[in-house]
Every structure is written in structure tokens, then in C-alpha cells.
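Values in this document were obtained by computation on a predicted structure and should not be read as measured data. Letters go in sequence order (proteins before strands), and every chain restarts at 1.
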Amino acid sequence: MPRGRPAKPKLAIAVPAIDPDRRDRLRRALLDWYDRHRRVLPWRAEPGQTADPYAVWLSEIMLQQTTVAAAGPYFRAFLDLWPRVTDLAAARREAVLARWAGLGYYARARNLHACAEVVADCHGGRFPDTEAGLLELPGIGAYTAAAVASIAFDRPTVPVDGNVERVCARLFAIATPLPDAKPELRARAAQFAHDHRPGDFAQAMMDLGATLCTPRRPACHRCPWSGDCAAEAAGIADTLPARLPKGDRPVRHAVAFITLRAADGALRIRTRPDSGLLGGMAEVPGTPWEEGAPWDQAAALAHAPLSPQGWRLLPGVVVHVFTHFRLEARVMLRHLDRAEAAALDAAEAGEAGDPRWCPPEALGRAGLPSVMAKLVEHARIGTSEPGLPL
DNA sequence: TAAACGTGGCG
DNA sequence: TCGCCAAGTTT
């Protein structure tokens, strides 16, 4: 047998084993608390009822980096439109993306549809019932695989989200700042894995983090683990978990071109390339988004649809903050008469992104991401204002 | 491994 | 006004 480097099993880092008695005490206390304070959420099964794996999965995808309040209406709309995973798989991709508009992180919507197709076509319309099987699916990572496995299939695994990281950082008084502390926090959380009510335990951990063990001003006096928490004992709960300082957000500048068809007020939109920022979503045309100085008018107009003439610069700047940069966009507006609109259609025929007219009454269904809706709204408001020099 | 990837609410 | 934060995944 060749003596190559021994396969390094990417196991969790070593942490002191939790005392089994303490573990069981903590588990009992948390589940008792959960039974008394369990929140009613749209995707949550009634006590004693079996959770629908499709609903659990859908909710978990929507809840990634997203608040319960924001995800709720989307969850209900999706389940209403597409009650089963096979319905979602059969839906048109554009329809799914349009319904996702406004929720953000649009790769989730692309992967959502792809995942539904895999489940429908390769798994007979049923989700894999193991963590490893779920992990194979598009858009499902370590957290979501563990969440679905525990909540929908009673698998003894502990999903680790931001809540669980915070709860564990405090319970064990882990001073290492995030994200460096993630491996240790995962290992600590994993020690709670158990066959008894794994789904409820997972949701209880997250509820605890969402309602009592909150980022600021944690309510330790009401916590089921009060008296058993290292950070509480040390009086440092509100300082944990520590975080590495974040870098500054650069500013990108853009000019958006709002093109309206005078005859009916239709708006010119197109579809963005499939990958990257806002991939596959609808947009209004514009300049590239570039760091440095704001665009000067002539340079911007070189990117204008149809021709550089006839555009009016609207007053004001639209600011939109993304995770890794801030966008500051000016808006230029132009109304096209019948002949000009026809010329634009001819000029852009066959172009990538399927440039098209969206009638005003269809704007709501067009699926504009928030930043695009903001630009359009700015033009709607700005039309009553005089133009300013750029 | 680190960076990309949205949005809205809150203090 | 602004930074922080929310049930993370992908490349």
C-alpha cells in the first residue's frame, strides 16, 4: 500500500467534551422552554404534526440571511402558487425569479428552482432524508442540510446558524472572534446532537437566539440556561461573540437610463446575465457601475440606448447599499415617440437580455429587484422636477 | 480561504 | 445618518 500522505479527514476541531449530565440538563431546560414559548411561524408544523420537507426546505432557503418578517409573505405566496416541489419544478424559471424579486440574494432563487427540478426529476419528487443527501442539492449548504434533516426527518444533527453561534459563544464563553471561531462553535454545537426531538431542539436553539440570547441586551434573566452560562456568570454575555472589524464599503457610480414609451408609458427593461450580481433579474439599462469618480455626462451618454440625444438628467442621487459596496446612481430620462420606440426595437432586436417594453400596469409583476425599483421610482418622482447639469 | 452576493429594520 | 445584523452558499 503506497505510503502517501494520510488522507486528512476534515473533522471538526477538538473541543473539550461536554459533561453528559450537563448536556442532558441543558437539553431538557431548552426543550421545556420551547414547549412553553414556541413561536407560531408560517412554516412550522403544529406540535405532534409532521413537518412537510418541502415547506421546511423552502422556508430555510428564504430565511438565509433574511429576517422572519421579510420571508413570511414570500413563503406564503410561494406555497400558494406552488404547493408541492413538483409544482415549483414545473414552473417557469422567470416566474420564480420574478416572485423572488425584493427578497435579495437572487442566487437563492436560481438554486431554488434548480433544486426543485433535481428533486422532481432525480428523486421522484421527494427530498433526500439524510443530511449527506440534502447536501448534494443546489443551494443547500451545511446549515440548510442539517436544518432540513433535523426538522423534517428527525435526524440527530444540529444546524449552526448565526443564532446558534451566538448562543454557543456565550454558553461556553468563547472569546475567539468570528469568523475564526466558527469551527469551534460548530464542534460545540454538535455535542448537543441527540435522537430525542432533534428538530425541536434545533428550532429551540434558534428561537433562543432570536428572542432572548439576542445580539444586543440579551435577556439572561429569562433564559432557560440562566445559571448554567459561562458568559452570564462572567458578566460578558453582551460582548459575545466578538467579531473582526469589517472593511470599508467602496462606492460605485452609475447612470441609469429610464426609457418611457410616450404612447402608453411603458418602461424599457431587459434581463441581466444569468450569473453574478442580480443574475437573471430584470433591470433598466445603464452605464457600468464603476468605482472612482461619478460619471460625466458625455461618458455616460455613450452608454445610452438609441442615441445620446434627448436625455434629461433628473435631480438627486439614488443611493443603494449592497453587502460589499454602495451604489450612487444618477437617473436620466427620455420619452420616445412612436417612431423612436420602433427604432429602438429595431436597433436592439436580438440583443442579449431580451430588451422589451413593460406596460406600467405590469411593472409589479415584472420582478424588478429593489435597486431597480428604486431607480424607476426616482424617475417617476423626478419627472415633475427640473433637470440639473451633471 | 476570502470575496461575492441584497435587502430592510433597528438603535 | 449609518453601521450592524438576519435561520448562509457558492466560487
Should the pair [X] and [Y] be assigned to parallel (<30°), tilted (30 to 60°) or perpendicular (>60°) ring geometry?
X: A/H194; Y: A/H196; answer: perpendicular
X: A/W57; Y: A/F127; answer: tilted
X: A/F172; Y: A/F192; answer: tilted
X: A/W295; Y: A/H303; answer: perpendicular

ask   = From the 5' end of DNA chain C to its 3' end, which nucleotides mark the outer limits of contact with chain A, defined by a 4.0 Å heavy-atom distance cut-off (strictly under)?
value = C/dC5 to C/dT10

Output the rounded distance in Å from [atom1] ([X]) to [atom2] ([N]).
X: A/L277; N: B/dC5; atom1: CG; atom2: P; result: 5 Å
X: A/R326; N: B/dG8; atom1: CZ; atom2: P; result: 15 Å
X: A/L63; N: B/dG6; atom1: CG; atom2: P; result: 18 Å
X: A/R249; N: B/dT7; atom1: CZ; atom2: P; result: 13 Å
X: A/L368; N: B/dT7; atom1: CG; atom2: P; result: 11 Å
X: A/L103; N: B/dG6; atom1: CG; atom2: P; result: 11 Å
X: A/Y105; N: B/dA3; atom1: OH; atom2: P; result: 14 Å
X: A/L327; N: B/dG6; atom1: CG; atom2: P; result: 13 Å

message = Taking the ring centre of each residue, are A/W311 and A/F257 less than 6.0 Å apart?
response = yes

inquiry  = Which is more 5' along DNA chain B, the nucleotide nearest A/H324 or the one nearest A/A70? Just name the residue.
reply    = A/H324

task = Please measure how far the P atom in C/dA7 lies from the corresponding atom in B/dA3, and state the result in whole Å.
result = 23 Å

ask   = What integer number of Å spans the P atoms of B/dC5 and C/dC5?
value = 22 Å

Report, one line per pair, each donor and acceptor closer than 3.5 Å where one atom sits in a side chain of residues 109-118 of chain A; sequence neighbours left out.
from   : atom 1 : to     : atom 2 : distance (Å)
A/R110 : NE     : A/D274 : O      : 3.3
A/R110 : NH1    : A/G279 : O      : 3.0
A/N111 : ND2    : A/A107 : O      : 3.3
A/H113 : NE2    : A/L88  : O      : 3.4
A/H113 : NE2    : A/A91  : O      : 2.8

query = Ignoring hydrogens and angles, does a donor from either the side chain of A/T66 or the base of B/dG8 sit under 3.5 Å from an acceptor on the other?
reply = no

inquiry  = Any N or O donor-acceptor pair under 3.5 Å from the base of B/dG9 to the side chain of A/T67?
reply    = no

key: N or O in side chain of A/H320 less than 4.0 angstrom from B/dG6 OP1/OP2   = no

query = If you measure from the Lys or Arg side-chain nitrogens to the Asp or Glu carboxylate oxygens, is any gap between A/D19 and A/R22 under 4.0 Å?
reply = no

